[in-house]
Amino acid sequence: MNVPLDQVNWLAIAAATASSFVLGGLWYGPLFKKTWCREAGVDPDAKPAHAGRVFATAIVCALLSATIFAALMPPQATAVDGFGVGFVVGLFFVSMSFGINYAFAGRSLKLWMIDSGYHIVQFVLYGAILGAWK
């Protein structure tokens with residue numbers, strides 16, 4: 001790791017974590033809800049059976065990924081550097097991993113593009129926030 005965990009900027013990590021929820025609300029709400037629900041076979045009007053567990057899992061996962069992303073960012077990284085690293089991580093690590101799983105699961109290209117797109121933008125936001133906030 002480039003930055004020991006005891007030296008990361010926890011406020012920046014919290015902001016990056018929160019950004020994933022703001023993005024998710026927009027991405028899986030007004031932007032792509034109908035298409036995502038159709039492609040995922042989910043009733044758009046159904047409430048999650050365990051909404052608390054779903055959101056708790058999401059926040060823990062977002063916090064962990066933002067924390068490790070922060071620890072791996074070079075200390076001298078700028079928002080532009082973070083944007084680039086976030087794009088590479090989102091596209092080539094997350095999106096390609098989803099692509100493998102979605103291919104074997106027989107999921108649609110549209111669903112892969114929506115879910116991958118979210119994570120590409122999520123990591124771009126992580127990188128920009130963490131790089132900008134020193």
Go through the structure and list residues passing side chain to side chain contact (heavy atoms under 4.5 Å, CB included) with [X], not counting sequence neighbours.
X    : result
V121 : L23, W27, L125
C61  : T57
A77  : M73, P74, D81, K134

So which atom in [X] and which in [Y] form the shortest heavy-atom distance, rounded to 0.1 Å?
X   : Y    : result
P30 : G25  : CD-O, 3.5 Å
S20 : Q122 : CB-NE2, 3.6 Å
A71 : L5   : CB-CD2, 3.8 Å

Quiz item: When rounded to the nearest 0.5 angstrom, what is the spacing between NE2 in H119 and CG in L91?
Solution: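 Taking NE2 in H119 and CG in L91, the distance rounds to 13.0 Å.
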ILVMFWY cluster, [X] and [Y] together (side-chain gap under 4.5 Å):
X   : Y    : result
F21 : F32  : no
M96 : Y102 : yes
V80 : I129 : no

Quiz item: For V94 and I120, what are the C-alpha separation, side-chain angles and deciding distance, and is it a side chain to side chain contact (heavy atoms under 4.5 Å, CB included)?
Solution: CA-CA 8 Å; V94 180; I120 293 166; over 6 Å; no
Quiz prompt | Sub-4.5 Å side-chain heavy-atom contact between V8 and I13 | solution =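 Yes; the side chains approach each other to less than 4.5 Å.
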Quiz prompt | Residue pair Y126, V89: steps toward the side chain to side chain contact (heavy atoms under 4.5 Å, CB included) verdict | solution = CA-CA 11 Å; Y126 282 4; V89 168; over 6 Å; no
Quiz prompt | Under 3.5 Å: donor-acceptor pair, side chain of S65, backbone of A62 | solution =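 Answer holds: yes.
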Which side-chain N or O atoms in residues 41-48 pair as donor and acceptor under 3.5 Å with protein atoms at least two apart or in another chain?
residue: D43; atom: OD1; partner: D45; partner atom: N; Å: 3.0

Quiz item: With ring centroids as reference points, do F98 and W112 lie under 6.0 angstrom apart?
Solution: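 That pair fails the under 6.0 Å test.
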Exercise. Not counting sequence neighbours, list each pair that qualifies as a ring-ring contact (aromatic ring centres under 6.0 Å, His included) and has a residue in residues 52-93.
Key: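 For residues 52-93: F69-F123.
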Exercise. Mind running side chain to side chain contact (heavy atoms under 4.5 Å, CB included) on Y28 and C37 for me, showing each step along the way?
Key: CA-CA 9 Å; Y28 292 105; C37 286; over 6 Å; no
Self-check item: L64 and its side chain to side chain contact (heavy atoms under 4.5 Å, CB included) partner, picked from V60, I68, T67
Solution: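 The option that passes is V60.
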Quiz item: Hydrophobic clusters join Ile, Leu, Val, Met, Phe, Trp and Tyr when side-chain heavy atoms are under 4.5 Å apart, directly or via other members; which others share one with F104?
Solution: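 Members alongside F104: I100.
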Practice problem: Go through the steps for W36 and D115 under the test side chain to side chain contact (heavy atoms under 4.5 Å, CB included), then give the verdict. | Solution: CA-CA 8 Å; W36 185 88; D115 287 338; 2.9 Å; yes
